Amino acid sequence: MRIFSGIQPTGRKHLGNYLGAIVQYVAGQDRGEAIYCIVDLHATTRPYDPAELRARVHDTTALLIAAGLDPARCILFRQSDVAEHTELCWLLTAVSAFGELNRMHQFRDKSGGQRELASAGLFLYPVLQAADVLAYRAEEVPVGEDQREHVELMRDVAERFNARFGETLVVPALRVPQVAARVRDLQEPERKMSTTGAGEQGTLHVLDDAEAIERKFRRAVTDSGTEIVRGPEKPGVSNLIEILAAVREIEPGEVERELAGARGYGDLKQATADAVIARLSPVQERYRALRDDEARLEATLAAGAAKARAIAAETLTDVRERMGVGSPR
Ligand code: TYM
C-alpha cells in the first residue's frame with residue numbers, strides 16, 4: 001500500500017491539521033510505504049514572504065517529526081525539490097477542464113471578490129495537488145474532510161488520463177479519519193478550524209502553551225443546554241466531544257457515557273483541555289529540540305527528496321512516453 005499526503009508550510013499548524021491529517025500520517029508508516037510532502041509551491045499561490053516561506057518549511061518539518069514521523073520509515077520531502085511535480089502538473093492540464101477548476105470550492109473561497117486578481121497558480125492549485133499524488137502512483141491519500149473535493153478531482157484526472165492515453169496512473173482513494181475529520185473553530189463552531197480568516201481564540205495551535213490551551217477551551221462557544229451529547233444543533237459541544245475522543249483514541253459515544261453525570265459543559269471543557277495538553281506537550285518538547293538544527297532538517301529533506309525523485313521520475317518517463325512528449329524512449 002503506497003500512501004501519499006501533502007501539507008502546506010503556511011501559518012502555524014492547528015489541532016485540525018493534527019487530528020485530521022498528521023495523526024493519520026504517523027499511522028500510515030505502519031500501514032505501508034508512506035510519502036509526505038511539504039508543499040511549498042502551493043504556498044506561493046497566495047501573497048507570501050520568501051524568507052518566511054523558508055522558515056515555515058523548517059517549522060513544518062520539525063513539527064511533523066516531533067509528531068511522530070520517522071524519516072527512516074517514511075519519505076519526507078519538500079515539493080519544490082522534486083521538479084517532476086511541476087512538470088506533471090503541466091502535462092495534466094491537458095486532461096483538466098477549465099470549468100471544473102473554476103467550480104472548485106477552494107478557488108471560489110480563496111479568490112473571494114478578487115477573482116480577477118487571484119493568481120493563476122490558485123486556479124491551477126488542484127492540478128498541482130493531483131500531480132503530487134499521481135507522480136507516486138499512490139493508492140491512498142489521508143486528509144481531512146476539507147480535501148475531499150481535491151481528491152475527487154485527482155481521481156477524475158487520473159481516470160481521464162488513462163482513458164485518453166492508456167492505463168498509466170493509479171486512481172487514489174480518499175482516507176479521512178472516523179472522528180475529527182473536520183475539527184471546528186472553537187469560537188465559531190459552524191466553520192472549520194483554519195489558519196486563514198479565523199480569530200486567535202478559535203484556533204488551537206499545536207504549539208500553544210498549556211495556559212493558552214486551557215483558556216481557549218474554557219472560552220469555547222457551546223450552547224445554552226447542559227447535556228453532553230452530539231447533535232446537529234450542538235456544533236460546539238459535538239466538536240469538543242470529537243476532539244476529546246480523537247485525542248484519547250476512544251469512541252465519541254464513550255465520552256458521552258463517561259460524562260453523562262457531569263455538571264454542565266465545564267467538565268467537558270476541562271477534560272478536553274487536560275487531554276489535549278497531555279497529548280501535545282511531548283510533541284512541543286520534541287519540536288523545541290529539533291527546530292533549531294536547520295542543517296539537520298535540510299539534510300532530512302534532501303535525503304527524502306532523493307528517494308521521492310527516484311519514484312516520480314519513473315512515472316514521468318511513462319507519462320511523457322504515453323503523451324508523445326519529448327524524445328522517444
Ligand atoms: P493544508 O496544509 O491546508 O492542511 C493539511 C491537512 O490538514 C487537514 N485539515 C483539517 N482536518 C480536520 N479539521 C480541520 N479543521 C482541518 N483543517 C485542515 C487538511 O484536510 C489536510 O489534510 N491542499 C492541501 C495540501 C496538499 C495535499 C497534496 C494534500 C497539497 N498536495 C496532495 C494531499 C495530497 C492543503 O492545503 O492542506
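Worth saying up front: this structure is predicted, and the values here are computed from it rather than measured. Start at 1 and go down the list; that is how both ligands and their atoms are numbered.
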Atom pair OH/CG of Y48 and D40 - distance to nearest 0.5 Å: 9.0 Å
Nearest non-hydrogen protein atom, atom 11 (N) of ligand 1: G16 O, 3.1 Å
E149 CD: over 12 foreign heavy atoms closer than 6.0 Å: yes
Exceeds 12 heavy-atom contacts within 6.0 angstrom, atom CZ of R286: yes
Shortest protein heavy-atom distance from atom 28 (C) of ligand 1, along with the residue and atom involved: Q129 CG, 3.3 Å
Nearest atoms (heavy-atom pairs only) where H14 meets S194: NE2-CA, 3.6 Å
Within-shell test, R184 vs ligand 1, heavy atom, strictly < 4.0 Å: no
Set of residues satisfying ring-ring contact (aromatic ring centres under 6.0 Å, His included) with respect to F161, sequence neighbours excluded: F165
Side chain to side chain contact (heavy atoms under 4.5 Å, CB included) against R115, all qualifying residues, sequence neighbours excluded: N102, F107, R108, S111
E211 atom CD, neighbour heavy-atom count above 12 within 6.0 Å: no
Contacting atoms of ligand 1, where contact means under 4.0 angstrom from a heavy atom of V39: 30 (C), 31 (N)
Identity and distance of the protein heavy atom lying nearest atom 31 (N) of ligand 1: D132 OD2, 2.6 Å
Ligand 1 contact by S194, heavy-atom criterion under 4.0 angstrom: no
Nearest-contact summary for atom 37 (O) of ligand 1 - protein heavy atom, Å: Q147 NE2, 4.0 Å
Numbered atoms of ligand 1 (with element) below 4.0 Å of A181, judged on heavy atoms: 11 (N), 12 (C), 13 (N)
Protein contact to atom 36 (O) of ligand 1 [nearest heavy atom, distance to 0.1 Å]: Y125 OH, 2.9 Å
The one among V143, I38, D146 that brings a heavy atom closest to atom 20 (O) of ligand 1: D146
F4 neighbourhood, listing ligand 1 atoms whose heavy-atom distance to it stays under 4.0 Å: 32 (C)
For atom 8 (C) of ligand 1, the option (of N239, N17, V183) bearing the nearest heavy atom: N17
Contacting atoms of ligand 1, where contact means under 4.0 angstrom from a heavy atom of A21: 6 (C), 7 (O), 22 (O)
Under 4.0 Å to a heavy atom of V133 - the qualifying atoms of ligand 1, by number: 32 (C), 34 (C)
Heavy-atom nearest option to atom 30 (C) of ligand 1, drawn from H42, Q8, R191, Q79: H42
Protein residue, atom and distance nearest to atom 33 (C) of ligand 1, heavy-atom basis: G6 N, 3.4 Å
V157 versus S96, closest heavy-atom pair with distance: CG2-OG, 3.9 Å
Whether F4 and F77 hold their rings parallel, tilted or perpendicular, with breakpoints at 30° and 60°: perpendicular
Contacting atoms of ligand 1, where contact means under 4.0 angstrom from a heavy atom of V141: 33 (C), 34 (C)
Sub-4.5 Å side-chain heavy-atom contact between T315 and E84: no
Residue R296 excluded, over 12 heavy atoms near CZ under 6.0 Å: no
Atom indices of ligand 1, in the order listed, that fall short of 4.0 Å to a heavy atom of I7: 2 (O), 5 (C)
Flag side-chain contact, heavy atom, 4.5 Å: Y125 against R46: no
Proximity of R148 to ligand 1 by residue part, where a heavy atom lies under 4.0 Å: neither
Ligand-residue contact atoms, ligand 1 with K13, heavy atoms, under 4.0 Å: 2 (O)
Identity and separation of the nearest protein heavy atom to atom 17 (N) of ligand 1: H14 CE1, 3.4 Å
Electrostatic pair R73:D30 at N-O distance under 4.0 angstrom: yes
Part of L19 with heavy atoms under 4.0 Å of ligand 1, whether side chain, backbone, both or neither: neither
